[in-house]
Number of protein chains: 2
Amino acid sequence: MNSTSIEKSPTFSPLYQQIKMLIMQGLQSGEWKPGELIPSEMDLAVRFKVSQGTVRKAIDELSSENLLVRRQGKGTFVATHHEPHVQFRFLRLKPDVGEASYPQNRIIELKRLRASSEIAQILDIKLGDPVVYFYRLQSFEGVPTMLDEIWLPGSIFKGLSAKRLEEHAGSMYSLFETEFNTRMIRAVEKVRAVLADERASELLRISRNSPLLSVERVAYTYADQPVEFRRGLYITEHFHYFNELT
Amino acid sequence: MNSTSIEKSPTFSPLYQQIKMLIMQGLQSGEWKPGELIPSEMDLAVRFKVSQGTVRKAIDELSSENLLVRRQGKGTFVATHHEPHVQFRFLRLKPDVGEASYPQNRIIELKRLRASSEIAQILDIKLGDPVVYFYRLQSFEGVPTMLDEIWLPGSIFKGLSAKRLEEHAGSMYSLFETEFNTRMIRAVEKVRAVLADERASELLRISRNSPLLSVERVAYTYADQPVEFRRGLYITEHFHYFNELT
DNA sequence: TAGTGGTCTAGACCACGCT
DNA sequence: GCGTGGTCTAGACCACTAG
């Protein structure tokens with residue numbers, strides 16, 4: 001990096017973008033961990049040999065992408081799934097009436113498999129690579145409501161156990177962050193209406209051919225690396241999937 | 001507004017927020033219409049007696065809220081639903097394979113009613129106020145796929161006709177913008193899985209008790225004023241509702 | 001009181017689109 | 001060449017937090 005002139009063609013990018021990338025590398029490498037304080041704007045400006053305003057613009061963007069959180073008077077922190085606010089960004093099923101609450105969590109089965117071609121493609125791993133697969137039933141006030149199947153790359157989630165998953169009810173991602181050093185920062189979902197199959201109807205205690213909301217999610221960590229595939233089936237009689245278009 | 005000192009308590013707000021509000025008023029009042037060029041940053045800075053940087057920060061935010069669009073070298077424009085890019089922000093149903101395309105549009109019925117208590121509450125109007133109601137069937141390549149019921153406040157959408165609606169297939173909001181001076185800037189949706197009722201199964205040509213995606217939308221114009229309520233039923237066999245969590 | 005982020009300014013120069 | 005938005009700097013002061 002050059003403090004007096006910016007590299008021009010063919011790979012020109014603004015200084016603040018370069019700073020942004022440097023900070024992201026610090027996040028990705030674990031130099032600054034979720035929940036921790038990063039250096040002040042002035043410190044970073046000195047370290048990177050740019051003005052405070054340029055660091056500020058980089059942090060502004062990272063903050064609007066939910067990778068950093070600014071707190072006036074205190075400093076800038078690495079975002080974490082431990083904050084309750086963040087968790088509802090990734091839990092879009094809300095009760096029709098009343099406040100959102102945390103579901104109870106039951107892991108029905110967890111096993112190690114080899115990636116099928118479909119899963120390998122989605123998780124960007126090789127056919128036959130190790131995969132952790134489990135499915136779980138989540139209930140609100142004792143009423144079974146959400147049934148999820150989840151596939152994770154085995155190379156990252158070594159040693160994941162049903163016990164740990166059940167303890168971390170509504171905040172699986174904070175477990176991943178703490179114990180597997182993997183922070184989910186973005187997810188893409190495909191939502192459909194389907195009919196309950198046999199397994200779903202039994203576990204959710206509803207009749208066959210009840211309508212269910214099917215939500216397929218691929219979640220990504222830094223550098224757009226896919227690290228979770230999930231297929232969820234949700235009862236939407238007293239809940240709905242919430243979305244805002246802006 | 002004061003150019004040399006900012007008002008403090010109890011109604012303190014940063015200068016750039018005040019500028020932002022002034023620009024929004026210009027948008028709302030129609031001083032600058034969708035698609036038009038607004039004055040340059042320097043012109044606005046002079047007009048509002050602040051520095052260019054302050055105007056810039058105000059425009060930055062309006063731009064990230066999709067109210068304005070900046071084009072380097074050309075100027076800053078009022079966002080419009082006429083741009084194809086914008087239209088897909090509000091059409092979340094995508095084909096499982098292939099590119100998104102525009103549906104054909106058939107208005108089945110359009111009538112004037114009086115607001116029920118439910119509709120009055122949602123649209124923030126009085127019980128019994130005039131309402132335009134219609135429902136329409138949209139098809140992709142001749143296959144019926146989307147069935148929508150739509151309620152609009154009659155005071156705003158005077159003279160809306162089925163003919164005009166059918167001509168404006170995939171971009172109803174651009175029609176609203178041009179002919180009724182009402183620009184949708186934000187919407188909130190509740191998504192559920194339901195079973196086809198009799199009317200839906202006939203119009204969509206599917207069997208009773210097929211699963212359908214139900215999407216209830218409330219759309220807002222400036223100042224968070226609700227101006228549309230919509231209840232949609234979508235076949236998700238070859239389409240899905242797309243969403244990104246960030 | 002010291003240190004942090006937040007706001008505001010003024011000025012320089014760059015990149016882009018058009019004439 | 002000129003006008004637009006885009007980047008970068010340097011410095012001043014404000015608002016919030018914590019010791």
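Naming convention: chains lettered A, B, ... in sequence-line order (proteins, then strands); numbering from 1 in each chain. If you're wondering where the values come from, they're calculated on a predicted model, not measured in any experiment.
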Members of residues 59-81 of chain B that approach DNA chain C, where some heavy atom sits under 4.0 Å away: B/Gln72, B/Gly73, B/Lys74
Interatomic distance where CD belongs to A/Gln52 and C1' belongs to C/dC8 [whole Å]: 13 Å
Contacts of B/Phe239 that satisfy ring pair (Phe, Tyr, Trp, His ring centres under 6.0 Å) - sequence neighbours left out: B/Phe140
For atom CG of A/Leu44 and atom P of C/dG3, their distance in whole Å: 17 Å
Toward the 5' end of DNA chain D, by each residue's nearest nucleotide, B/Met42 or A/Thr54: B/Met42
Phosphate OP1/OP2 of D/dT4: any B/Ser40 side-chain N/O under 4.0 Å: yes
Spacing between B/Glu41 atom CD and D/dT7 atom P, to the nearest angstrom: 11 Å
Whole-Å gap separating P (C/dC13) and CZ (B/Arg56): 18 Å
Whole angstrom value for the distance that separates P of C/dT9 from NZ of B/Lys49: 13 Å
Side-chain donor or acceptor of A/Asn243 paired with backbone N/O of B/Val188 under 3.5 Å: no
Geometric cation-pi criterion, A/Arg192 with B/Tyr241: 6.0 Å, 45°: no
Interatomic distance where CD1 belongs to B/Ile23 and P belongs to D/dG5 [whole Å]: 11 Å
Given D/dT7, C/dA10, D/dT9, the nucleotide with the shortest approach to the side chain of A/Ser51: D/dT9
Atom-to-atom span, CG of B/Asp43 to P of D/dC2 - whole angstrom: 18 Å
Side chains of A/Glu65 and B/Thr246, donor plus acceptor under 3.5 Å: no
Ring centroid separation A/Tyr102 to A/Phe88 under 6.0 Å: yes
Cationic N near anionic O, under 4.0 Å, A/Glu31 to A/Arg47: yes
Dot-bracket encoding per residue of DNA chain D, Watson-Crick/G-U cut-off under 3.5 Å, | denoting interstrand: ||||||||||||||||||.
Distance in angstrom units between A/Lys57 NZ and C/dG5 P, rounded: 18 Å
Aromatic ring pairing A/Phe176/A/Tyr173, orientation class (parallel under 30°, perpendicular over 60°, tilted between): tilted
B/His81 side chain to B/Met184 backbone, donor-acceptor under 3.5 Å: yes
Cation over ring face, B/Arg92 and B/Phe242, 6.0 Å, 45°: no
